[in-house]
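A short write-up of the structure that comes next.
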Amino acid sequence: MPELISPTPRLHSSWLAAQLEAGPDAHMDGAGLGSDDDVDSPEGFAAWVDRLQRYGDRTLPVEHGRVHATYWWIAEGDTYLGAIDLRHYLNGFLLDAGGHIGYSVRPSARRRGLATWALAAVQHEARLLGMDRVLLTCDPGNEASIRTIEANGGVLEDVRETLIGPKRRYWINL
């Protein structure tokens with residue numbers, strides 16, 4: 001049975017296997033992974049996990065261009081299946097192209113409804129933070145994300161050109 005858990009160094013090898021599955025240039029939405037993060041070594045991975053957990057603490061500052069966010073991993077036992085994050089507020093870039101919530105599921109775990117399930121669970125967390133609606137975006141050709149967002153009540157606001165390419169923008173009322 002899958003569950004949402006806080007990122008943990010315990011799943012290092014499974015996380016690396018998921019990254020390998022996705023491919024060397026794949027972006028793992030919702031994972032919070034930066035281009036300079038060292039996730040290959042156990043020490044670097046543990047430092048990255050610690051940083052992800054600190055991003056959720058609104059009493060601590062975040063780096064320029066980032067916002068406070070809570071990260072969860074979708075896991076089944078000791079197997080990393082995916083990630084989802086909830087950004088506590090939006091900056092200009094997120095309002096245009098990124099949204100409040102990002103998620104990804106490793107290729108071998110897709111088509112099981114995990115993203116739909118995780119998105120529903122994180123909406124509850126957004127309500128606890130006082131949000132009354134959340135913005136989600138996806139690429140126009142990403143049929144799986146379109147289905148996931150619409151299954152969770154997403155209403156298409158528009159499709160627009162952004163700094164990272166065209167995006168479908170959806171709002172979900174909480």
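Here the structure is a predicted model, which means the values were calculated and not measured.
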Is there a chain of hydrophobic side chains (I, L, V, M, F, W, Y, each step under 4.5 Å between heavy atoms) that links Leu114 to Ile5?
no
Is a side-chain donor-acceptor pair under 3.5 Å present for Ser145 with Tyr103?
yes
Drop me the distance from Asp38's CG to Asp40's CG, to the nearest 0.5 angstrom.
6.0 Å
Minimum heavy-atom distance between Ala31 and Tyr71, given as atom pair plus value:
C-CE2, 3.8 Å
Are side-chain heavy atoms of Arg168 and Thr137 found at a separation under 4.5 Å?
no
Less than 6.0 angstrom separating the ring centers of Phe45 and His12, yes or no?
yes
With Tyr170 as reference, evaluate Asp158, Asn152, Val134, Ile146 under the side chain to side chain contact (heavy atoms under 4.5 Å, CB included) test and give the passing residue.
Ile146
Test item: Thr8 side-chain N/O and Leu11 main-chain N/O as donor-acceptor pair under 3.5 Å
no
Hydrophobic clustering (ILVMFWY, side-chain heavy atoms < 4.5 Å, transitive) - are Leu156 and Trp171 grouped together?
no
Between Arg58 (side chain) and His68 (backbone), is there a donor-acceptor pair under 3.5 Å?
no
Do Tyr89 and Leu129 land in one hydrophobic cluster if side-chain heavy atoms of ILVMFWY residues count as linked below 4.5 Å?
no
Residue pair Glu3 / Glu76, side-chain heavy-atom distance below 4.5 Å:
no
For residues Met131 and Val155: do they belong to one hydrophobic cluster (side chain heavy atoms under 4.5 Å, members Ile, Leu, Val, Met, Phe, Trp, Tyr)?
no
Under 3.5 Å: donor-acceptor pair, side chain of His100, backbone of Leu86:
no
Salt bridge present between Arg10 and Asp78 (N-O < 4.0 angstrom)
yes
Taking Arg87 for the side chain and Gly98 for the main chain, is one N or O donor matched with an acceptor at less than 3.5 Å?
yes
Within this structure, what is the CD-OG1 distance for the pair Gln53 and Thr70, rounded to the nearest 0.5 Å?
10.5 Å
Are Glu157 and Lys167 ion-paired here, with the side-chain N under 4.0 Å from a carboxylate O?
no
Is there a side-chain contact between Leu90 and Val67 in this structure, where contact means two heavy atoms from C-beta onward sitting under 4.5 Å apart?
no
Closest heavy-atom pair, Ile172 versus Gly153, reported as atoms and distance to 0.1 Å, is CG1-C, 4.1 Å
Short question: side chain of Asn91, backbone of Phe93 - any donor-acceptor pair under 3.5 Å?
yes
Thr162 (side chain) donor-acceptor with Ala97 (main chain) under 3.5 angstrom:
no
Between CE of Met28 and CZ of Arg106, what distance do you get to the nearest 0.5 Å?
8.5 Å
If every non-hydrogen atom of Ala83 is compared with every non-hydrogen atom of Ile74, which pair is closest and at what distance?
N-CD1, 4.2 Å
Is Leu163 atom CG crowded by more than 12 heavy atoms from other residues, nucleotides or ligands, each under 6.0 Å away?
no
I want to check something: taking the side chain as every heavy atom from C-beta on, are Trp48 and Asp50 in contact at a cut-off of under 4.5 Å?
no
So, Glu21 side chain and Ser108 main chain: donor-acceptor pair closer than 3.5 Å or not?
yes
Is the shortest side-chain heavy-atom distance between Arg112 and Leu81 below 4.5 Å?
yes
Gap between atom CZ of Arg133 and atom CG of Leu174 - 0.5 Å precision
10.0 Å
Any Leu33 side-chain heavy atom under 4.5 Å of Gln19 side chain:
yes
Mark yes or no for whether Arg169, through its side chain, and Leu95, through its backbone, hold a donor-acceptor pair below 3.5 Å.
yes
Could you tell me if the side chain of Leu119 sits less than 4.5 Å from the side chain of Leu136, heavy atoms only?
yes
Atom CD1 in Ile101, atom CG in Asp85: separation rounded to 0.5 Å?
8.5 Å
Within a strict 4.5 Å, meaning less than it, do heavy atoms of the Trp15 and Val39 side chains meet?
yes
Would you kindly confirm whether Leu52 and Val105 end up in one hydrophobic cluster when ILVMFWY residues are joined by side chain heavy atoms under 4.5 Å apart?
no
So, Glu63 versus Tyr55: side-chain donor-acceptor pair below 3.5 Å or not?
yes
